[in-house]
Amino acid sequence: MADDLKGQLEAEVQLKCSPEQFFSVWKNDAQQVPNHTPSNVQGVKLHEGDWETSGCIKIWDYTIEGKPGVFKEKVELDEANKIVKLIGLEGDVFEIYKVYNCIWHLKGNLAKVTIEYEKLNDNVPAPHIYLDFLVSMTKDIDASLVKP
């Protein structure tokens with residue numbers, strides 16, 4: 001039964017910036033994400049650690065489908081494979097999900113966006129609106145990075 005509650009959603013986004021540029025935003029400039037995608041992310045605060053270290057914890061303020069939300073995460077950075085993983089710790093998504101992780105895997109000019117999740121019960125929908133949100137964020141960050 002519990003396995004029916006677990007899932008993964010994926011999408012691919014064509015990048016105009018390099019994978020190194022996109023990865024660098026998450027590694028070196030996460031505090032700038034709200035400037036790259038202000039309609040999606042309104043703020044980010046460092047909760048523990050420093051901005052540039054894998055394992056640091058940040059708290060994000062975002063808006064999805066017109067509703068404000070908060071997401072607390074621990075970041076894992078795999079520089080060799082260009083993978084950014086935000087491991088959900090607390091926040092609004094945990095009202096309906098037991099597990100919620102966001103992953104960007106950058107290969108060539110593609111960003112593979114993945115959400116790993118576990119629903120609290122069978123009545124909870126798969127997090128398609130959150131995948132759309134992450135795709136929108138990815139496109140905004142990409143567009144901002146290639147602006148002249």
Any side-chain heavy atom of Val33 sitting closer than 4.5 Å to one from Met137? yes

Closest heavy-atom pair, Asn40 versus Ser136, reported as atoms and distance to 0.1 Å, is ND2-OG, 3.0 Å

All heavy atoms of Pro38 vs all of His36, minimum pair found to be CD-C, 3.5 Å

- Task: Indicate, with yes or no, if Trp51 and Ile57 share a hydrophobic cluster defined by side-chain heavy-atom contacts under 4.5 Å among Ile, Leu, Val, Met, Phe, Trp and Tyr.
- Result: no

Interatomic distance, CD1@Ile115 vs OH@Tyr97, rounded to 0.5 Å, equals 8.0 Å

Notebook entry, point to check: Heavy-atom distance under 4.5 Å between the side chains of Gln32 and Val25, does that happen here?
Noted result: no

Ion pair Lys45/Asp61, N-O distance below 4.0 Å: yes

Practice prompt. Side-chain contact test, heavy atoms from C-beta onward, threshold under 4.5 Å: evaluate it for Asn35 versus Ser144 and give yes or no.
Written response: no

Keeping Ser54 on the side-chain end and Leu77 on the backbone end, is there a donor-acceptor pair under 3.5 Å?
yes

Assigning hydrophobic clusters by single linkage (Ile, Leu, Val, Met, Phe, Trp, Tyr; side-chain heavy-atom cutoff under 4.5 Å), is Tyr100 placed with Leu120?
no

Apply the test side chain to side chain contact (heavy atoms under 4.5 Å, CB included) to residues Asn109 and Gln14: give CA-CA distance (whole Å), side-chain angles for both, the deciding distance (0.1 Å), then the verdict.
CA-CA 6 Å; Asn109 63 344; Gln14 194 89 27; 2.5 Å; yes

inquiry  = Tell me whether Leu9 shares a hydrophobic cluster with Leu110, the cluster being built from Ile, Leu, Val, Met, Phe, Trp, Tyr side chains joined at under 4.5 Å.
reply    = no

Between Asn28 and Gln31, the two heavy atoms sitting closest are O-OE1, 4.0 Å

- prompt: Taking the inter-plane angle between the rings of Tyr130 and Tyr62 on a 0 to 90° scale, is it parallel (under 30°), tilted (30 to 60°) or perpendicular (over 60°)?
  reply: perpendicular

| request: Could you tell me whether the side chain of Thr138 reaches within less than 4.5 Å of the side chain of Leu15, counting heavy atoms only? | output: yes

Rounded to the nearest 0.5 Å, the CD atom of Glu79 sits from the CD atom of Glu20 at a distance of 9.5 Å

CZ (Phe71) and CD (Glu90) are apart, to the nearest 0.5 Å, by 10.5 Å

I'd like to know if the side chain of Thr53 and the backbone of Cys56 have a donor-acceptor N/O pair within less than 3.5 Å. no

Any Lys/Arg nitrogen of Lys74 or Glu48 sitting under 4.0 Å from an Asp/Glu carboxylate oxygen of the other? no

Under 3.5 Å, is there a donor-acceptor pair between the side chain of Asp142 and the main chain of Lys16?
yes

Residues Pro19 and Gly108: closest non-hydrogen pair is CG-O, 3.2 Å

When rounded to the nearest 0.5 Å, the distance separating NZ of Lys112 from CD of Glu10 is 4.0 Å

Taking Asp92 for the side chain and Val70 for the main chain, is one N or O donor matched with an acceptor at less than 3.5 Å? yes

Measure from the side-chain N and O atoms of Asp78 to the backbone N and O of Asn81, and report whether any donor-acceptor pair falls under 3.5 Å. yes

Minimal heavy-atom distance between Cys17 and Val146, with the atoms involved, is N-CG1, 3.5 Å

ask   = Are Leu134 and Phe94 grouped together when hydrophobic residues (ILVMFWY) are joined by side-chain heavy atoms under 4.5 angstrom apart?
value = yes

Checklist entry - Does the side chain of Glu76 reach to within under 4.5 Å of the side chain of Ile87, using non-hydrogen atoms? => result yes

Side chain of Gln42, backbone of Thr63: donor and acceptor closer than 3.5 Å?
yes

dist Leu5:CG -> Glu118:CD (nearest 0.5 Å) comes out at 6.0 Å

Do Val124 and Tyr117 have side-chain heavy atoms sitting under 4.5 Å apart? no

Practice prompt. Check whether any side-chain heavy atom of Trp104 sits under 4.5 Å from a side-chain heavy atom of Val13, and report yes or no.
Written response: no

NZ (Lys58) and CG (Leu86) are apart, to the nearest 0.5 Å, by 7.0 Å

Say whether Thr114 and Gln8, considering side chains only, have a donor N or O and an acceptor N or O under 3.5 Å apart.
no

Taking every heavy atom of Leu89 against every heavy atom of Glu73, the minimum-distance pair comes out as CD1-C, 3.9 Å

When you compare the side chain of Asp140 with that of Ser39, does any pair of heavy atoms fall below 4.5 Å? yes

Practice problem: Report yes or no: do Trp26 and Ile59 belong to one cluster of Ile/Leu/Val/Met/Phe/Trp/Tyr joined by side chain heavy-atom distances under 4.5 Å? | Solution: no

